[in-house]
Amino acid sequence: MLRRRPFAVFTLAALTTVGVAMTAEAGTRIERKAWGTTPEGQTVELFTLSREGAPTVAVTNHGAYLVSILAPDRDGQAADVILGYSDLAGYLADGGYLGAVVGRYANRIAGGTFSLGGQTYTLARNNGPNHLHGGPGGFHRKLWTPRVVTGPEGDTLELTYLSVDGEEGYPGALTATVVYSLTAEGGLRLDYSATTDASTVVNLTNHAYFNLAGEGSGDILGHEMQIESNAFTPVDETLIPTGELRPVEGSPLDFRKPVALGARIDDPYPQLQAGGGYDHNFVVRGAPGELRLAARVYEPGSGRVLEVLTTEPGVQLYSGNFLDGSIVGKSGRPYEKRGGFCLETQHFPDSPNQPEFPPVVLEPGDRYEQTTVFRFSVR
Ligand code: BGC
């Protein structure tokens with residue numbers, strides 16, 4: 001106590017003279033290093049973001065992947081809470097979108113086709129009869145141009161990708177940007193934006209698989225999940241929304257109060273059978289465009305809490321049903337079925353074909369924006 005007072009006085013005095021520099025020092029620092037090369041010989045980098053009171057986060061400009069999030073448990077012990085690979089080679093070959101930024105259109109488009117301005121566009125059918133996550137050459141496969149920008153809160157990482165007209169079948173040249181930053185409240189913030197030179201559709205998200213007990217530590221069925229949602233978009237057997245907004249009440253998709261992810265996951269509820277567990281878009285309560293709480297997850301063993309805030313109308317809860325142990329993760333342990341869960345903040349799946357859903361068309365001169373914060377704390 002005796003020592004803190006003079007220190008506080010000194011800090012205040014210093015702040016008035018070198019205000020900006022002091023603030024920057026208290027904010028985020030980014031270290032960058034070369035991380036390997038693509039098969040085409042382009043250099044890939046790894047960026048590490050750190051800030052007092054926030055998790056330490058690694059991001060690569062290949063696919064704009066989130067590579068690791070080191071977050072402390074209730075005893076201060078850090079663990080990596082997202083699934084991923086130990087090196088760039090793993091990410092270059094990734095088929096599970098482990099931490100990827102997904103685009104141009106996250107989730108499914110029915111039959112791999114949609115119409116816009118009287119024209120029909122044909123996309124790859126890379127998921128049964130449907131198009132998934134922007135196609136085989138989606139944004140997760142691209143090298144993004146990095147820029148470290150220093151502002152009043154320290155460094156932020158800006159990644160930009162120019163998707164040419166016709167890429168993966170989508171119309172219009174789209175410039176997409178994702179800014180990764182750490183917040184003073186322990187959050188990892190992702191600010192996405194995009195502009196186009198012709199009418200197109202866009203829906204960007206991050207596909208991180210979380211395991212708050214630490215990646216590779218087993219299944220996520222004991223995590224307590226709360227979702228700020230009264231309704232979800234039921235799907236057909238190929239996981240395309242039927243168009244209905246169904247109240248969660250009385251179903252195993254009711255997460256309005258915290259409940260273990262595993263408590264009802266194998267209930268004989270037809271919607272759970274379609275996805276082999278949770279693989280559903282929830283309508284987030286409140287006004288799209290406003291940054292608001294979408295979900296809160298608590299892992300009782302470690303005490304870690306993850307809160308997901310977003311401006312998006314929906315969030316996809318995916319309980320890692322298709323993980324099958326074939327991916328060996330960054331610490332050498334296989335990722336078994338339900339070894340991670342995703343909370344993908346997004347526009348609703350198949351919106352280009354569902355006029356009743358919030359619109360996903362981007363016109364020249366307009367700007368697509370979405371913000372999502374993954375905020376960590378302990379209980
Ligand atoms: C989809 C799942 C899919 C997973 C990995 C999720 O966004 O909803 O159906 O298996 O991504 O591709």
Side-chain angles (χ1 to χ4, degrees), residues 63-66 82-85 90-91 93-112 123-141 168 190 192 202-211 220 225 227 229 232-242 253 261 265 270-284 294-295 308 310 312-327 329 335-352 354 357 360 370 372 374:
Y65 277 82
L66 257 177
I82 58 168
L83 277 51
Y85 306 95
Y91 289 92
D94 171 48
Y97 310 87
L98 271 59
V101 165
V102 178
R104 187 177 300 198
Y105 196 91
N107 210 285
R108 293 176 176 78
I109 296 179
L123 313 169
R125 296 180 174 187
N126 57 330
N127 187 252
N130 303 318
H131 179 79
L132 177 68
H133 292 334
F139 289 7
H140 63 296
R141 294 277 187 237
E168 289 293 319
L190 284 76
Y192 306 77
V202 60
N203 184 30
L204 305 178
T205 194
N206 183 282
H207 204 292
Y209 291 69
F210 295 93
N211 186 327
I220 41 71
M225 175 72 61
I227 305 182
S229 169
F232 71 105
T233 52
V235 287
D236 69 14
E237 61 288 348
T238 72
L239 300 181
I240 294 294
T242 60
L253 283 85
L261 255 176
I265 198 167
Q271 280 295 313
L272 289 179
Q273 282 148 9
Y278 296 105
D279 196 350
H280 295 85
N281 172 66
F282 289 77
V283 181
V284 179
V308 180
T310 190
E312 288 300 276
V315 62
Q316 183 89 7
L317 169 62
Y318 171 54
S319 51
N321 314 309
F322 299 120
L323 294 172
D324 60 5
S326 59
I327 297 175
Y335 294 145
E336 306 289 356
K337 180 171 178 177
R338 299 175 182 162
F341 66 88
C342 303
L343 286 166
E344 302 154 60
T345 56
Q346 61 181 9
H347 273 257
F348 304 170
D350 195 36
S351 294
Q354 309 237 9
F357 287 174
V360 290
Q370 96 105 308
T372 293
F374 299 115

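Note that ligands are numbered from 1 as they come in the structure, with each ligand's atoms numbered from 1 the same way.
The shortest N/O to N/O separation between Q316 and ligand 1 falls below 3.5 Å. Some N or O of H133 is nearer than 3.5 Å to an N or O of ligand 1, by distance alone.
One N or O on the side chain of Y335 and one on the backbone of G84 form a donor-acceptor pair closer than 3.5 Å. Side chain of R104 to backbone of F139: no donor-acceptor contact under 3.5 angstrom is found.
Of all protein heavy atoms, the one closest to atom 3 (C) of ligand 1 is R108 NH2, 4.0 Å. Looking at atom 11 (O) of ligand 1, its nearest protein heavy atom turns out to be H207 NE2, 2.7 Å.
The ligand atoms of ligand 1 that sit less than 4.0 angstrom from a heavy atom of D279 are 1 (C), 2 (C), 8 (O), 9 (O). Listed by atom number, the atoms of ligand 1 under 4.0 Å from Y97 heavy atoms are 12 (O). Heavy-atom contacts of E344 reach the following atoms of ligand 1: 6 (C), 7 (O) (cutoff under 4.0 Å). Each of the atoms 9 (O), 10 (O) of ligand 1 lies under 4.0 Å from some heavy atom of F322. Ligand 1 places these atoms under 4.0 Å from at least one heavy atom of N107: 7 (O), 8 (O).
Partner of T205 under the side-chain contact (heavy atoms from CB on, under 4.5 Å) criterion, out of H347, Q316, E344: E344 alone.
Centroid-to-centroid, the aromatic rings of F210 and F374 come within less than 6.0 Å. Ring to ring, H133 and H207 are close: their centroids are under 6.0 angstrom apart.
Aromatic ring pairs are classed by plane angle as parallel below 30°, tilted from 30° to 60° and perpendicular above 60°; the pair Y91 and Y85 is perpendicular.
In the model, Y65 has a side-chain atom that pairs as donor or acceptor with a side-chain atom of D94 under 3.5 Å.
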